[in-house]
Amino acid sequence: MEGSAVLVTGAASGIGRASALAFLAAGARVAALDVDAARLAELPGEMVHLRADVRRPDEVERAIATAVAAFGRLDVAHNNAGVAGPYQPLWEYSEEDFARVLEVDLVGVWRCLKHEARQMMTQGAGCIVNTSSMLAETGMARNGAYTAAKHGVEGLTRSAALELAPHGVRVNAVAPGVTRTGMTSAVSGELLAQVPLGRIADPEEIAAAVVWVASAPASYMTGSTVVLDGGYLAR
């Protein structure tokens, strides 16, 4: 990844932070985008820090333009920003809570992707990696909004891959299982018991897959999802 221009959203914590650091360690120039300015400030100073809320179109457009201006191009984008939402039956969701999860986890991915795609199309090359979830392949009770959003991310990934392939741009997804982040700090023993490897993933394990998908050895992959779930879906 030496010299590549990379943008990571949701970069201030969890998988996004691990991804930004992994790209930096691989020699990339990294722009880190997050809504949390204080946490962004904790990232290495050589990164470009972009405070933006993926729910706000103007902020997203401005942040991506800033990254492109800083690097002169955009080779890789990891669309990772997301929220978990309430863990409760679907009929107990408020309109606001359900809409917020979809607005961040699905619409936010599309909002970033469209500006990234426009830039990469002008270059005739690029790679976009969206963070999905193992729940995009199944369902989970009491987690309807998040599950629905991640199903949408996979559909969006496949559609974008078909549209952008003629322009030399690859689009894939990485689908983590239960991962040690702030969003999964209250993982139940019942859920963990369903993971054949019997443990929670570290964010760095997911980040390593993101970097690989964005790298030259994965150059023939597009429209695909890499699942890292400890065997959850193999049951």
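This structure is a prediction, so every number in the text was calculated from the model and none was measured.
Checked by atom type, the side-chain pair T157/N130 shows a donor-acceptor distance below 3.5 Å. Judged purely by distance below 3.5 Å, without hydrogens or angles, the side chains of H78 and T131 pair a donor atom with an acceptor atom.
With hydrophobic clusters built from ILVMFWY side chains whose heavy atoms lie under 4.5 angstrom apart, L113 does not share a cluster with L102. There is a path of hydrophobic side-chain contacts, each under 4.5 Å, that joins L164 to L7. In terms of hydrophobic clustering, with Ile, Leu, Val, Met, Phe, Trp and Tyr side chains grouped at heavy-atom distances under 4.5 Å, I128 and L50 are assigned to a common cluster. Residues V104 and I64 fall within the same hydrophobic cluster, defined by Ile, Leu, Val, Met, Phe, Trp and Tyr side chains chained together at heavy-atom separations under 4.5 Å. Taking hydrophobic clusters as Ile, Leu, Val, Met, Phe, Trp and Tyr residues chained together by side-chain heavy-atom distances below 4.5 Å, V101 shares a cluster with V60.
Around atom CD of E46, more than 12 heavy atoms belonging to other residues, nucleotides or ligands sit under 6.0 Å away.
A salt bridge links R39 to E42: at least one charged side-chain nitrogen sits closer than 4.0 Å to a carboxylate oxygen. By the 4.0 Å N-to-carboxylate-O rule, E61 lies too far from R56 to be salt-bridged with it. Using a cut-off of 4.0 Å between Lys/Arg side-chain N and Asp/Glu carboxylate O, E96 and R100 are scored as not salt-bridged.
Judged by distance alone, the side chain of T9 and the main-chain N or O of A81 form a donor-acceptor pair under 3.5 Å. Under the 3.5 Å distance criterion, the side-chain polar atoms of R17 are left unmatched by any main-chain donor or acceptor of A12. No side-chain donor-acceptor contact under 3.5 Å links T179 to the backbone of P176. With Y93 contributing its side chain and P86 its backbone, the two residues share a donor-acceptor pair below 3.5 Å. Remark: the backbone N or O of V171 is not paired with any side-chain donor or acceptor of R158 at under 3.5 angstrom. Here the side chain of D202 pairs no donor or acceptor atom with the backbone of E204 at under 3.5 angstrom.
The cationic atom of R235 (NZ for Lys, CZ for Arg) lies less than 6.0 Å from the six-membered ring centre of Y232 and within 45° of the ring axis.
One finds the CE atom of M140 at 6.5 Å from the OG1 atom of T147 (value rounded to the nearest 0.5 Å). To the nearest 0.5 Å, atom CZ of residue F98 and atom CD of residue E92 are 14.0 Å apart. With values rounded to the nearest 0.5 angstrom, L106 atom CG is found 10.5 Å from S132 atom OG. Residue Q123 holds its CD atom at 4.0 Å from CZ of R73, rounded to the nearest 0.5 Å. Taken from OG1 in T222 to CG in N172, the straight-line distance is 5.0 Å, to the nearest 0.5 Å. Taking CE of M1 as the reference point, atom CZ of F23 lies at 5.0 Å (rounded to 0.5 Å).
Heavy-atom minimum distance, H151 versus T138: CE1-O, 2.9 Å. Of all heavy-atom pairs spanning W212 and P217, the tightest one is NE1-CB, 3.8 Å. When all heavy atoms are compared, the tightest approach of S133 to K150 is CB-CG, 3.6 Å. Residues A84 and N143 share a closest heavy-atom pair of O-OD1, 4.2 Å. The two residues M47 and A32 make their nearest non-hydrogen contact at SD-CB, 4.1 Å. Nearest heavy-atom pair across V195 and G230 is CG1-O, 3.7 Å.
Using a 4.5 Å heavy-atom threshold, the side chains of C112 and V54 count as touching. At least one side-chain heavy atom of E154 sits less than 4.5 Å from a side-chain heavy atom of T225. Side chains of R170 and M221 form a contact here, defined as non-hydrogen atoms less than 4.5 Å apart. Contact check for M134 versus V178: side-chain heavy atoms found under the 4.5 Å cut-off. Counting heavy atoms from C-beta on, the side chains of I206 and V174 come closer than 4.5 Å. For the pair C127/D75, no side-chain contact is recorded, criterion being any heavy-atom separation below 4.5 Å from C-beta on.
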Quiz prompt | Working for side chain to side chain contact (heavy atoms under 4.5 Å, CB included), residues V48 and V30 | solution = CA-CA 6 Å; V48 175; V30 179; over 6 Å; no
Practice problem: For side chain to side chain contact (heavy atoms under 4.5 Å, CB included), just list the numbers for R111 and E116, CA-CA rounded to whole Å, side-chain angles, deciding distance to a tenth of an Å, and then say yes or no. | Solution: CA-CA 9 Å; R111 193 168 282 134; E116 297 155 359; over 6 Å; no
Exercise. Begin from the C-alpha positions of R51 and L33 and carry the test side chain to side chain contact (heavy atoms under 4.5 Å, CB included) through to its verdict.
Key: CA-CA 6 Å; R51 191 276 169 197; L33 183 154; over 6 Å; no
Exercise. Let me see the working for N80 and S19 under side chain to side chain contact (heavy atoms under 4.5 Å, CB included), right down to the final yes or no.
Key: CA-CA 9 Å; N80 171 76; S19 173; over 6 Å; no
Quiz item: What's the verdict on salt bridge (Lys or Arg N to Asp or Glu O under 4.0 Å) for R199 and E205, showing C-alpha distance, side-chain angles and the deciding distance?
Solution: CA-CA 13 Å; R199 66 175 180 85; E205 293 177 282; 2.8 Å; yes
